[in-house]
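Fair warning: this is a prediction, and the values are worked out from it, not measured in the lab.
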Amino acid sequence: MQTITSSNIYALTEEQLAVRDAARDFAQSELWAGVIERDEHQKFPTEQIKKMGELGFMGMMVSPEYGGGGMDTVSYVLAMEEISKVDASCSVIMSVNNSLVCWGLEKYGTEEQKQKYLPRLCSGEIIGAFALSEPEAGSDATSQRTTAEDKGDYYLLNGTKNWITNGTTASVYLVIAQTNPELKSRGINVLIVDKDMPGFIQGPKENKLGIRGSDTCSLMFTDVKVPKENRIGDDGFGFKFAMQVLAGGRIGIAAQALGIASGSLELSLKYAKERKAFGVEIAKHQAIQFKLADMATNVDAARLLCLQAAADKDNHGDYAKSGAMAKLFASKVAMDSAVEAVQIHGGYGFVKEYHVERFMRDAKITQIYEGTSEIQKIVISRELLK
């Protein structure tokens, strides 16, 4: 795949560029060859994720004392883009582990919780999952039906979670549940649930349109006893925890969308220079040139929004608005670019071996998960009107 580089207002450090190049090399050499087969057969990338852990991509922002890379969010965004250019299934596994699980544990967990889980999560020995969505609580995250009844030294967990990425392969789950319904969002807790806890069952894998290499399933909890020491934060902190980790998670999904868009552009440029119509390469036809120009402009704009959100997070600023803007715009660019890539490829774009049909299928979910595009507009408008 041809690699496109562009200058921007963000002066990347040598370390950040090295991370980007390492992610690019890994994606091209380790992910590209089997990506169509993994997509076709919904095959989880076990060996690839293990290697990503060995290379430090599964705990990029975690402090070295807990086995992480100690990197900044900008480096994470750069790596996410490169991985997503080739395999969005691998990148969403990476995103959930980094943004939702590792970051939340390090930011808000106890020292005992960090020591117990972070080193194994960072190394890729185990994978984490984040369980918020329910049959009746998707965009309306306050309507939690899963309950965590306080029993003194433990919680009794009951309920169902839907659409959980890494659902069948994770070993540790951060589960959002309602303890005090009368307090509404202030009565919600977040609990660390281990895969082997009695009463915890993972449902079958969903047969999905896109990101088929990653596993998504429902989780069922029936009288699961979760020790009090597995609660993250104070009693009632769960909803705030969920909103905080999702705000950062959106930056990762924005970078995933950027990667899908950037990959679509790179494949389209390569094909346009090779394919001939009416005696010349189709890249010489103005109709194709204009499509490429629009794609490149939107990809660069999406990249700048992603880097802005990452910089805001690294500088300890308020990244709720910039993260939502990055996800809203980048996910639209991903969808638009993938559709145009299929159009540029013509009939070849409709078959699997040219990859762009997979990009089109993978792109759609970036407008849905970790907050739909409609929810991003609510977040942005609320921040504007403060």
Taking every heavy atom of G128 against every heavy atom of L121, the minimum-distance pair comes out as N-CD2, 3.4 Å
Sidechain N-carboxylate O distance under 4.0 Å for K114, E112: no
Taking atom types as modelled, is there a side-chain donor on K291 or Q286 under 3.5 Å from an acceptor on the other? no
Any donor-acceptor N or O pair under 3.5 Å, side chains Y319, T73: no
Is the backbone N or O of V226 less than 3.5 Å from a side-chain atom of N230, with the two atoms forming a donor-acceptor pair by type? no
Under a 4.5 Å cut-off applied to non-hydrogen side-chain atoms, are V77 and V74 in contact? no
Between D215 and T169, a side-chain donor and acceptor under 3.5 Å: yes
State, without any angle test, whether D194 and Y117 hold a side-chain donor-acceptor pair at a distance under 3.5 Å. yes
Considering only NZ, NE, NH1 and NH2 on the basic side and carboxylate oxygens on the acidic side, decide whether E266 and K85 come within less than 4.0 Å. yes
Smallest separation among heavy atoms of S84 and A255, with atom names: OG-O, 4.3 Å
Is the distance between the ring centroids of Y173 and F200 under 6.0 Å? yes
Between W103 and Y108, how do the two ring planes meet: parallel, tilted or perpendicular, split at 30° and 60°? perpendicular
Salt bridge (Lys or Arg N to Asp or Glu O under 4.0 Å) between E149 and K151, intermediate numbers included: CA-CA 6 Å; E149 187 180 356; K151 291 293 187 178; 3.1 Å; yes
Closest approach of F237 to N189 (non-hydrogen atoms, all atoms of both residues): N-OD1, 3.9 Å
Any side-chain heavy-atom pair of M71 and Y76 under 4.5 Å: no
Distance, nearest 0.5 Å, that separates CE of M295 from OG of S262: 9.5 Å
Hey, what do you get for OG1 (T110) to CD (E229), rounding to the nearest 0.5 Å? 9.0 Å
When you compare the side chain of T168 with that of F44, does any pair of heavy atoms fall below 4.5 Å? no
For R145, which residues count as a side chain to side chain contact (heavy atoms under 4.5 Å, CB included) partner, sequence neighbours excluded? E134, E136
Sidechain-backbone polar pair: S89 side chain, G213 backbone, donor-acceptor under 3.5 Å: yes
Kindly say whether G233 contributes a backbone atom to a donor-acceptor pair with the side chain of R231 at under 3.5 angstrom? yes
Under 6.0 Å from the CG atom of D140, do we count more than 12 heavy atoms belonging to anything else shown? yes
Within the side chain of D39, is there an N or O that forms a donor-acceptor pair under 3.5 Å with the backbone of V35? no
Any donor-acceptor N/O pair, N315 side chain to G317 backbone, under 3.5 Å: no
Same apolar cluster: Y354 and L265, side chain cutoff 4.5 Å: yes
Look at the side-chain heavy atoms of Ile, Leu, Val, Met, Phe, Trp and Tyr, link any pair under 4.5 Å apart, and say whether V245 and V190 land in one connected group. yes
Please work out whether the ring planes of H285 and F278 are parallel, tilted or perpendicular, with thresholds of 30° and 60°. perpendicular
Please answer: with hydrophobic residues joined when any side-chain heavy atoms are less than 4.5 Å apart, are L157 and I164 in the same cluster? yes
Polar contact flag, side-chain donor to acceptor under 3.5 angstrom, K208-T216: yes
Ignoring hydrogens, what is the shortest heavy-atom contact between S99 and G252? Give both atom names and the distance. OG-CA, 4.5 Å
If we ignore angles and hydrogens, is there a donor and acceptor under 3.5 Å between the side chains of D72 and S75? yes
What's the separation between atom OG in S268 and atom CD in Q343, rounded to the nearest 0.5 Å? 10.5 Å
More than 12 heavy atoms of other residues, nucleotides or ligands under 6.0 Å from NZ of K205: yes or no? yes
Ion pair present between R361 and E357, side-chain N to carboxylate O less than 4.0 angstrom? yes
Check whether any side-chain N or O of E40 sits under 3.5 Å from a backbone N or O of Q42 as a donor-acceptor pair, and report yes or no. no
Show, in sequence, the C-alpha distance, side-chain angles and deciding distance for V101 and V96, and conclude whether the side-chain contact (heavy atoms from CB on, under 4.5 Å) test is met. CA-CA 6 Å; V101 180; V96 168; 4.3 Å; yes
With side chains defined as the heavy atoms from C-beta onward, is the minimum distance between F239 and T142 less than 4.5 Å? yes
Could you measure the distance from the CG atom of D362 to the CG atom of D87? Nearest 0.5 Å is fine. 7.5 Å
Atom pair OG/NE2 of S264 and H345 - distance to nearest 0.5 Å: 9.0 Å
For Y154, is the NZ or CZ atom of K228 found under 6.0 angstrom from the centre of its six-membered ring and inside 45 degrees of the ring axis? no
F359 and V86: which non-hydrogen atoms are nearest, and at how many Å? CE2-O, 4.3 Å
Between E383 and K386, does any NZ, NE, NH1 or NH2 come within less than 4.0 Å of an OD or OE carboxylate oxygen? yes
Does NZ belonging to K43 count more than 12 external heavy atoms closer than 6.0 Å? no
Take a 6.0 Å sphere around CD of E111 and say whether it holds more than 12 heavy atoms from other residues, nucleotides or ligands. yes
Test your reading of the model: is there a side-chain donor-acceptor pair from R250 to the backbone of E370, 3.5 Å cut-off? yes
Taking K161 for the side chain and S133 for the main chain, is one N or O donor matched with an acceptor at less than 3.5 Å? no
Closest approach of K276 and I282, non-hydrogen atoms and distance? C-CG2, 4.2 Å
Any donor-acceptor N or O pair under 3.5 Å, side chains Y369, Q256: yes
A320 backbone acceptor or donor facing D318 side chain under 3.5 Å: yes
I'd like to check S337 versus M360 (side-chain heavy atoms, cut-off strictly below 4.5 Å). Are they in contact? no
Would you call V224 and L156 a side-chain contact if the rule is heavy atoms closer than 4.5 Å? no
Donor-acceptor side-chain pairing of S322 and D312 below 3.5 angstrom: yes
Strictly by modelled atom types, are N207 and R212 linked by a side-chain donor-acceptor pair under 3.5 Å? yes
Does the side-chain contact (heavy atoms from CB on, under 4.5 Å) test come out yes or no for S95 and M80, once each step is laid out? CA-CA 8 Å; S95 179; M80 275 292 297; 3.8 Å; yes
Side-chain touch E340/D294, heavy atoms, less than 4.5 angstrom: no
Pairing of E82 and R24 as salt bridge, 4.0 angstrom limit: yes
Check this for me: does any side-chain nitrogen of one of E281 and R275 sit under 4.0 Å from a carboxylate oxygen of the other? no
Looking at T13 and Q16, would you say the former's side chain and the latter's main chain have a donor-acceptor pair under 3.5 Å? yes
NZ of K327 to CD of Q367: how many Å apart, nearest 0.5 Å? 8.0 Å
For the residue pair N166 and N97, confirm or rule out a side-chain donor-acceptor distance under 3.5 Å. no
List the residues meeting side chain to side chain contact (heavy atoms under 4.5 Å, CB included) with P45, not counting sequence neighbours, and say none if there are none. R38, Q48, I49, C90, I93
Side chains of L78 and V19: closer than 4.5 Å at any heavy-atom pair? no
